[in-house]
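Take a look at the structure set out below.
Both ligands and their constituent atoms are indexed starting at 1 by order of listing.
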Amino acid sequence: MEKNLKDILAKAEHEIDSALNLDDLEKVRVTYLGKKGKITDLKKNISNLPNEEKPMAGKLINETSKKIEKSLSKKIDAVNKEILDAKIKKEKIDVTAHFDKNESGHLALINQTLEELESIFQNMGFDVVEGPEIDTVKNVFDDLNSPADHPARSTSDTFYITDDILLRPHTSSMQIRVMNKGKLPIKMVSAGRVFRNDEVDATHSPMFHQLECLVVDEGVSMANLKATLETFIKEMFGDDIKLRYRPHHFPFTEPSLEVDATCPVCRGEGCPACGNTGWSMELLGGGMVHPKVLEACGIDSEKYTGFAFGLGVDRIAMVKYGLDDIRLLYDNDKRFLEQF
Ligand code: FA5
């Protein structure tokens with residue numbers, strides 16, 4: 001019996017040593033300690049032994065069983081540790097490894113342009129004034145000398161909230177708000193969103209941005225308007241950019257004009273961006289403030305004169321960044337946005 005148990009123990013320990021994984025070890029356990037295992041069989045046979053051999057046989061079988069259990073449990077711990085180590089190694093975070101730096105966003109192109117415009121005008125001594133996107137018919141049309149039958153007043157052009165309240169279709173209502181404060185002289189710009197029932201195309205959007213400029217003082221002339229525009233355009237696009245003035249009509253300025261600039265892509269040579277004209281699309285409308293507008297705001301038009309213009313900010317951004325479609329500014333296409 002003793003010799004048999006020693007052989008069993010030696011064989012079990014060899015199998016435990018050679019086991020590669022938990023499955024192998026389970027097989028060893030079943031072979032020796034399982035319900036039909038070799039040690040279990042021996043335990044069952046004790047009752048068949050002569051009485052005087054039973055105590056010694058029982059003691060030896062238990063000792064062998066305990067040794068196999070101990071070796072098994074030691075090896076199971078070792079295999080489990082190996083598994084854990086391998087897992088940890090695989091999941092280890094290498095803090096020295098190279099990784100792409102965090103992606104961070106930036107101001108939308110239109111906001112970059114608004115900031116640049118405001119900063120240029122601030123450097124020229126203009127106040128930057130904020131105003132509401134929802135305004136009154138009085139500020140948007142009446143006090144700006146717009147005739148009752150002006151097409152811009154119609155509901156097919158302008159978004160009304162009530163008969164008297166609307167989404168401003170231009171920033172010129174800010175002229176009225178500032179002049180009504182009664183503080184002279186005035187030298188201000190005011191930028192923001194405006195809304196029109198315009199069909200969307202490459203150069204038109206129903207929501208776009210304007211920057212309004214207003215100067216009112218004694219002796220303000222068309223020469224001041226031209227000088228301001230030319231200084232601004234050089235700051236924005238460079239020295240070799242010229243402006244083209246075309247006569248126009250606005251109810252709130254007299255005389256009135258529209259302004260284009262040398263195409264900044266080809267610098268006037270003619271290219272696909274400007275349709276080979278050498279000129280940008282229309283950038284702004286302006287003129288000398290109509291005396292009736294000054295009077296509507298309680299300003300003596302005999303003593304004071306003024307100039308005003310309204311700049312299409314989206315179009316300035318298009319020209320500056322060489323964009324051929326205004327929708328690029330609003331599509332939120334990451335491939336486009338990442339370029340700026
Ligand atoms: C006006 O809005 C006048 N209030 C401008 C003005 C101000 C004149 C002060 C005199 C004195 P106009 O509708 O032309 O004018 O618009 C001005 C500029 O806004 C245009 O030159 C153009 O650059 C831009 N613009 C007009 N409509 C759109 C549109 N749907 N989408 C994008 N930009 C537009």
Any donor-acceptor N or O pair under 3.5 Å, side chains [X], [Y]:
X: Lys59; Y: Asn62; value: no
X: Asp201; Y: His204; value: yes
X: Tyr245; Y: Glu258; value: no

Proximity flag [X] to ligand 1, non-hydrogen atoms under 4.0 Å:
X: Glu212; value: yes
X: Val289; value: no
X: Leu284; value: yes
X: Gly286; value: yes
X: His209; value: no

For [atom], grab the closest protein heavy atom and report residue, atom and distance to one decimal in Å.
atom: atom 20 (C) of ligand 1; result: Glu282 OE2, 3.0 Å
atom: atom 23 (O) of ligand 1; result: Leu283 O, 3.1 Å
atom: atom 31 (N) of ligand 1; result: Ser205 N, 3.0 Å
atom: atom 15 (O) of ligand 1; result: Phe250 CE2, 3.4 Å

When you compare the side chain of Glu116 with that of Asn111, does any pair of heavy atoms fall below 4.5 Å?
no
Are side-chain heavy atoms of Val293 and Ile176 found at a separation under 4.5 Å?
yes
Going by distance only, is there an N or O of [X] that falls short of 3.5 Å from an N or O of ligand 1?
X: His204; value: no
X: Asp198; value: yes
X: Phe208; value: no
X: Gln210; value: yes
X: His170; value: yes

For the ring pair His170 and Phe252, is the centre-to-centre distance below 6.0 Å?
yes
With heavy atoms only and a cut-off of under 4.0 Å, state how Arg315 meets ligand 1: side chain, backbone, both or neither.
side chain
What is the ring orientation for Phe121 with Phe232, classed by angle as parallel under 30°, tilted 30 to 60°, or perpendicular over 60°?
parallel
Rounded to the nearest 0.5 Å, how far apart are NZ of Lys67 and CG of Leu72?
14.5 Å
With a 4.0 Å cut-off on N to O distance, would you call Asp142 and Arg153 a salt bridge?
yes
